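Bear in mind that the values here come from a model prediction, so they are computed numbers and not experimental data. We name chains A, B, ... by the order of the sequence lines, and we start the count at 1 in each one.
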Amino acid sequence: MADEAQQDEKKRKSLEEREQMTELERIRHSCAHILATAILRLWPDAQFAYGPPVENGFYYDVELQHRISPEDFERIEEEMRKEVKANNKFEKITVTREQAIADAKSGRLGGLTERVGESVFKLDLLDQIPEDEAISYFQNGEFIDLCAGPHVMRTGNVKAFKLTHVASAYYKGDETRPQLQRIYGTAFKNKTQLEEFLKAKEEAKERDHRRVGRQQELFAIDDQVGQGLVLWMPKGATVRQALQDFISEELAKQGYDQVFTPHIGKLGLYRTSGHFPYYRESQFPPIIENEALEKMAAEGCSCSEIANRLNEGQIDGFLLKPMNCPMHIRIYAQRPRSYRELPVRLAEFGTVYRWEQSGELGGMTRVRGFTQDDAHLFVTPEQVGPEVMGCLDLVKTVLTTLGMNDYRVRVSLRDPASDKYVGDPANWDKAEAALRDAVQKLGVPYDEVEGEAAFYGPKIDFLVKDVIGREWQLGTVQVDYNLPERFDLHYIGSDNQSHRPVMIHRAPFGSMERFVGVLIEHFNGNFPLWLAPEQVRVMTLNADQELVAYGTAILNQLKAAGVRSSGDFSSNDIKGKVLHAEQEKVHTMLVIGGREMESGSVAIRLHGKGRQGVKPREEAVSELLEAIARRKL
RNA sequence: GCCAGCUUAGCUCAGGGGUAGAGCAGCUGUUUUGUAAACAGCUGGUCGUCGGUUCAAAUCCGACAGCUGGCUCCA
């Protein structure tokens, strides 16, 4: 939703493109005009900026002294209904640029009447309309807006709408420009569809990973520990461990070596890599040795002097690592490397820390400390293509195994106009070509976006939507010609000459935190057997001694086979036991009573799926083991 | 970081200037039971924190913290 809006703001759509608007988009865009009409009746001094349709509705950005709150929605909607009832025509009026400027100056655009002030944003928008493009208004009732359309015929065609929330937004997404109130709403062709949408939205809230994560005791974020710092509770840790085991197996198959590196490293390391002080704002502040601190304190050194000395390298310190690559690079550089051992593939579940702005933090998807399923491949230039391919295959394998097929692939390229990138443009061209080539071979749809590259190289990102429609970057594969340069890495080629390796950074999950957050929503907490925190619970019908002994034997057999299982052998009602197991989302329930004991069998029940019938005990156990081993969904 | 809203028991939530409420969870008993709630009793909260107004503040006001939705950012 935000994506579309941003694009709308960044790139002007051509008139032809605008004519492509679907009927639903027209309804929503028209509804934005109706919203503006209503707001003006209540607050005539409102100044409007953009009011586009977006993925699930529409918004209109407004500058207004009054702070609009959800409490105002009712009376705004009331005014909107009046406008709908009036069934005014959306009339297109083509005007000359001079006329438009005059109307904007008299406050008439985005207004019901001429007003004291100018239509400031409309005036600015007019400025951006190319000389050769026609300028048009759309008028419904008294409301006239600068608008290329298209619209529905009449306000009466907007039959079902609802204001949903207010947020703030900078004009044109630019921090230095005025902050506007963005009023979001949604609209549909009819009331039934609107209600279905609202209901679906309510249901989506139920599977929000923050909610499920708390209910199922998967993870916690505790303000005594710190914002954006995830506590993995036992059940969440189990899920994470199962995922890491899965990745580790795949790594072994693909010739990776796993390593461990520390959480902090000297500032100098990150000066070499270019992270410090360049990306200082997004890092936790450096750690200075006590001795150095005391010495500076004795000298009466000010805070800003300390900061300067750190930046300039006059004093040293340590940095909580914002990335793993420099450490992996130092592992590579421990001794001379031969072309024969390339590619060197170093993998680590490496925890990194980044200073995200407080307003950005949320759940597991945006945090300040997270563990990447990271790896760095040191390859010859010829190996770049096939190795990138291998990485993409790994990402695809991972997503397929989890049944996450609803992703988008983005090739993130540099923005030629920006200076935030390091390295030789010729190398960038090579890297971008290699990525484009690999993604084409992968055979999945993708799009290319300029300006999304990492500062050291272009990348391929896998994007997945969460339950409320926000899109998150998970897996990523990045080609990097720059860090090998900065760290002066070499290998000896078959020609006995020294050569520069190329690095590939890749993380199929991206980060364990974000990935598991999205995964919780994907499964709604109902993990497949191989991931379920509690895979099997054995429950007896009653607390009869013999029956409990039978249950214990089954439980011990499962535990010995490595199945995460527990037993509920109390004298409680079986209904209660089942209820608890269902609430805790235990994957498989084995219910045993006298009949099962007699025949050496178990009654199987699956979470959310109910009774599955009775099976001989051995058969049931071996089926469980097989499903776990196969990572069956 | 910015704008707005929210914060009452472990969870979900009601209440609201005059002795703090419910359901679930938890604890203690009882219940030997055929697949989404057996029964009884008990415990549990300085109403996010700090300050102000008031005879009296959980309730009104302010600051701060945290959370939520956006914006900006995201190596």
Side-chain angles (χ1 to χ4, degrees), chain A residues 1-2 5-6 9 59 61 67-71 164-184 205 208 210-211 214-215 217 220-224 226-228 270 273-276 278-283 322-323 325-326 352 354-363 366-368 420-422 452-457 459 468 470 472-473 476 478 480 482-483 505 514 539-545 547-548 569-583 589-596 603-608 610-612 614:
Chain A
M1 146 161 74
Q6 268 166 26
E9 288 175 18
Y59 66 75
D61 283 347
R67 306 321 274 185
I68 291 175
S69 88
E71 284 178 14
T164 53
H165 54 288
V166 239
S168 87
Y170 298 106
Y171 181 54
K172 291 184 177 172
D174 182 345
E175 243 181 318
T176 62
R177 296 189 197 247
Q179 195 159 35
L180 308 173
Q181 302 187 65
R182 175 168 294 177
I183 300 154
Y184 282 92
K205 267 191 208 165
D208 187 311
R210 288 165 294 201
R211 186 184 165 94
R214 190 187 314 110
Q215 274 170 354
E217 302 192 330
I221 293 168
D222 184 297
D223 57 25
Q224 292 194 37
Q227 283 185 289
Y270 293 98
S273 69
H275 292 110
F276 189 87
Y278 195 49
Y279 278 96
R280 202 183 45 201
E281 321 71 56
S282 37
Q283 293 159 179
M323 297 195 102
C325 21
V352 297
R354 298 181 188 177
W355 188 259
E356 305 289 355
Q357 296 184 91
S358 61
E360 259 308 332
L361 300 170
R366 192 76 187 264
V367 292
R368 281 183 173 159
K420 74 170 184 174
Y421 307 100
V422 296
E452 286 291 325
F455 80 100
Y456 53 73
K459 51 184 188 162
I468 46 178
R470 286 183 296 205
W472 297 100
Q473 178 192 314
T476 177
Q478 317 180 351
D480 178 4
N482 297 302
L483 285 178
H505 308 239
R514 179 175 290 180
M539 308 183 236
T540 54
L541 215 59
N542 56 49
D544 174 82
Q545 259 190 346
L547 190 57
V548 170
F569 304 146
S570 70
S571 65
N572 286 331
D573 191 336
I574 189 65
K575 285 188 179 182
K577 296 187 190 186
V578 167
L579 175 70
H580 283 128
E582 289 284 353
Q583 283 174 339
M589 288 155 264
L590 299 181
V591 178
I592 52 172
R595 295 204 293 265
E596 287 74 19
I604 300 167
R605 182 190 171 98
L606 296 181
H607 166 64
R611 295 162 83 150
Q612 306 289 308
V614 178

Novice: Using atom C1' in both nucleotides, what's the gap between B:G26 and B:C55 to the nearest angstrom?
Specialist: 40 Å
Novice: Counting only side-chain N and O atoms of A:R210, is one of them less than 4.0 Å from OP1 or OP2 of B:G69?
Specialist: yes
Novice: Return whichever of A:S570 or A:Q473 has its heavy-atom-nearest nucleotide of RNA chain B closer to the 5' end.
Specialist: A:S570
Novice: Please determine, for the side chain of A:R366, which listed nucleotide (B:U32, B:C74, B:G70) has the closest atom?
Specialist: B:C74
Novice: Work out how far the C1' atom of B:G5 is from that of B:A57, and round it to whole angstrom.
Specialist: 23 Å
Novice: Side-chain donor or acceptor of A:R514 under 3.5 Å from a matching atom on the base of B:C74?
Specialist: no
Novice: Sticking with atom P, work out how far B:A63 lies from B:C71, rounded to a whole angstrom.
Specialist: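 After rounding to an integer number of Å, I get 26 Å for this pair.
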Novice: Under a 3.5 Å cut-off for both distances, is B:C2 Watson-Crick or wobble paired, and to whom?
Specialist: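 B:C2 is paired, partner B:G70.
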Novice: What is the separation between atom CG on A:L483 and atom P on B:A75, rounded to the nearest whole Å?
Specialist: 14 Å
Novice: With sugar-phosphate meaning primed atoms plus P, OP1 and OP2, does A:D223 contact a base, only sugar-phosphate, or nothing at under 4.0 Å between heavy atoms?
Specialist: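 Result for A:D223 = sugar-phosphate.
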Novice: Measure the distance between the ring centre of A:F455 and the centre of the six-membered base ring of B:A75, then answer whether it is under 5.5 Å with planes under 30°.
Specialist: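 A:F455 vs B:A75: stacking no.
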Novice: Can you tell me the base-pairing partner of B:A40? Count Watson-Crick or G-U wobble geometry only, both distances below 3.5 Å, and say none if there is no partner.
Specialist: B:U28
Novice: Is the closest basic N to carboxylate O distance between A:K459 and A:E452 below 4.0 Å?
Specialist: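 No, no charged N to carboxylate O under 4.0 Å.
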Novice: With A:E356 as reference, evaluate A:R366, A:R368, A:R514 under the salt bridge (charged side-chain N to carboxylate O under 4.0 Å, His left out) test and give the passing residue.
Specialist: A:R366
Novice: Would you classify A:A169 as touching base, sugar-phosphate or nothing, given that sugar-phosphate means primed atoms plus P, OP1 and OP2, and contacts are heavy atoms under 4.0 Å?
Specialist: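 Sugar-phosphate: the residue A:A169, judged by heavy atoms under 4.0 Å, touches backbone atoms but no base.
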Novice: Write down the distance separating the P atoms in B:A75 and B:G48, rounded off to the nearest Å.
Specialist: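 Each nucleotide's P atom is 38 Å from the other's.
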Novice: Going by the rule side-chain hydrogen bond (donor to acceptor under 3.5 Å, both in side chains), which residues pair with A:R210 if we only count those two or more places apart in sequence or in a different chain?
Specialist: A:D208
Novice: Mind checking the P distance from B:U32 to B:C47? Whole angstroms is fine.
Specialist: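 These two P atoms come out 44 Å apart once rounded.
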Novice: Any chance the rings of A:F455 and A:Y279 have centres within less than 6.0 Å?
Specialist: yes
Novice: Can you figure out which of B:C71, B:G69, B:A75 approaches the side chain of A:R182 most closely?
Specialist: B:C71
Novice: Provide the distance between the two C1' atoms, one in B:C67 and one in B:A25, to the nearest whole Å.
Specialist: 23 Å
Novice: Hey, does the side chain of A:R177 come within less than 4.0 Å of B:C71's phosphate (OP1/OP2), counting only N and O?
Specialist: no
Novice: In whole angstroms, how far is the P atom of B:C74 from the CD atom of A:Q478?
Specialist: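 Atom CD in A:Q478 sits about 14 Å away from atom P in B:C74.
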Novice: Got a sec, which residues hit side-chain hydrogen bond (donor to acceptor under 3.5 Å, both in side chains) with A:R470, two or more places apart in sequence or on another chain?
Specialist: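 For A:R470, the residues satisfying side-chain hydrogen bond (donor to acceptor under 3.5 Å, both in side chains) (neighbours in sequence not counted) are A:D466.
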Novice: What is the pairing partner of B:U19, taking Watson-Crick or G-U wobble pairs with both distances under 3.5 Å in any strand?
Specialist: none
Novice: Which whole-number value in Å describes the distance from A:Q224 CD to B:A65 C1'?
Specialist: 12 Å
Novice: To the nearest angstrom, how far is A:D61 atom CG from B:G70 atom P?
Specialist: 14 Å
Novice: Rounded to the nearest Å, what distance is computed from the CG atom of residue A:L590 to the P atom of nucleotide B:G34?
Specialist: 19 Å
Novice: Rounded to whole Å, how long is the line connecting atom CD of A:E281 with atom P of B:C74?
Specialist: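 So the two atoms are 10 Å apart, to the nearest Å.
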Novice: Nearest whole angstrom, please: distance from the C1' of B:A75 to the OH of A:Y278.
Specialist: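 In whole Å, B:A75 C1' lies 10 Å from A:Y278 OH.
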Novice: With sequence neighbours excluded, what pairs up with A:Q612 under the side-chain contact (heavy atoms from CB on, under 4.5 Å) test?
Specialist: A:I604, A:L606, A:K609
Novice: Do other residues, nucleotides or ligands put more than 12 heavy atoms under 6.0 Å from the CD atom of A:E281?
Specialist: yes
Novice: Whole angstrom is fine here: how far is it from CD in A:E356 over to C1' in B:C71?
Specialist: 15 Å
Novice: Could you check, using the six-membered ring where one of them is a Trp, whether A:H165 and A:Y59 have ring centers closer than 6.0 angstrom?
Specialist: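 Judged by ring-centre distance (under 6.0 Å), A:H165 and A:Y59 do not meet the cut-off.
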Novice: Of the listed nucleotides (B:U32, B:G69, B:A75), which one gets closest to any side-chain atom of A:Q283?
Specialist: B:A75
Novice: Using the P atom as the reference point in each nucleotide, state the distance between B:G70 and B:A37 in Å, no decimals.
Specialist: 36 Å
Novice: Mind listing the closest non-hydrogen atom pair of A:V578 and A:M589 along with its distance?
Specialist: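 It is O-SD, 4.4 Å.
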Novice: Using only heavy-atom distances, determine whether the side chains of A:H607 and A:E582 contain a donor-acceptor pair under 3.5 Å.
Specialist: yes
Novice: So, does A:Q181 use its side chain to make a donor-acceptor pair with the main chain of A:I68 at under 3.5 Å?
Specialist: yes
Novice: Enumerate the protein-to-nucleotides 35-40 of chain B contacts in which both atoms are nitrogen or oxygen and the separation is below 3.5 Å.
Specialist:
from	atom 1	to	atom 2	distance (Å)
B:U35	OP2	A:R611	NH1	3.3
B:U35	O2'	A:R605	NH1	2.5
B:A36	OP2	A:R605	NH1	3.3
B:A36	OP2	A:R605	NH2	3.2
B:A36	N7	A:R605	NH2	3.1
B:A36	N6	A:E582	OE1	3.0
B:A38	OP2	A:D573	OD2	3.4

Novice: Considering only atom C1', compute the distance from B:A40 to B:A36 and round it to an integer number of Å.
Specialist: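 After rounding to an integer number of Å, I get 23 Å for this pair.
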Novice: Mind checking side-chain hydrogen bond (donor to acceptor under 3.5 Å, both in side chains) for A:E596 and listing every partner two or more places apart, or none if nothing turns up?
Specialist: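 Expected list: none.
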Novice: Dump the pairs, protein N or O against N or O of nucleotides 1-12 of chain B, anything under 3.5 Å, distances to one decimal.
Specialist:
from	atom 1	to	atom 2	distance (Å)
B:G1	OP2	A:S358	OG	2.4
B:G1	N9	A:Q357	OE1	3.3
B:G1	N7	A:G359	N	3.2
B:G1	N2	A:Y170	OH	3.1
B:C2	O2'	A:Q179	OE1	2.2
B:C2	O2'	A:Q179	NE2	3.0
B:C2	O2	A:Q179	NE2	3.1
B:C3	O4'	A:Q179	OE1	3.1
B:C3	O2'	A:R67	NH2	3.3
B:U12	OP1	A:R214	NH1	2.7

Novice: What does A:G594 touch in the nucleic acid at a heavy-atom separation under 4.0 angstrom: a base, only the sugar-phosphate, or nothing?
Specialist: base
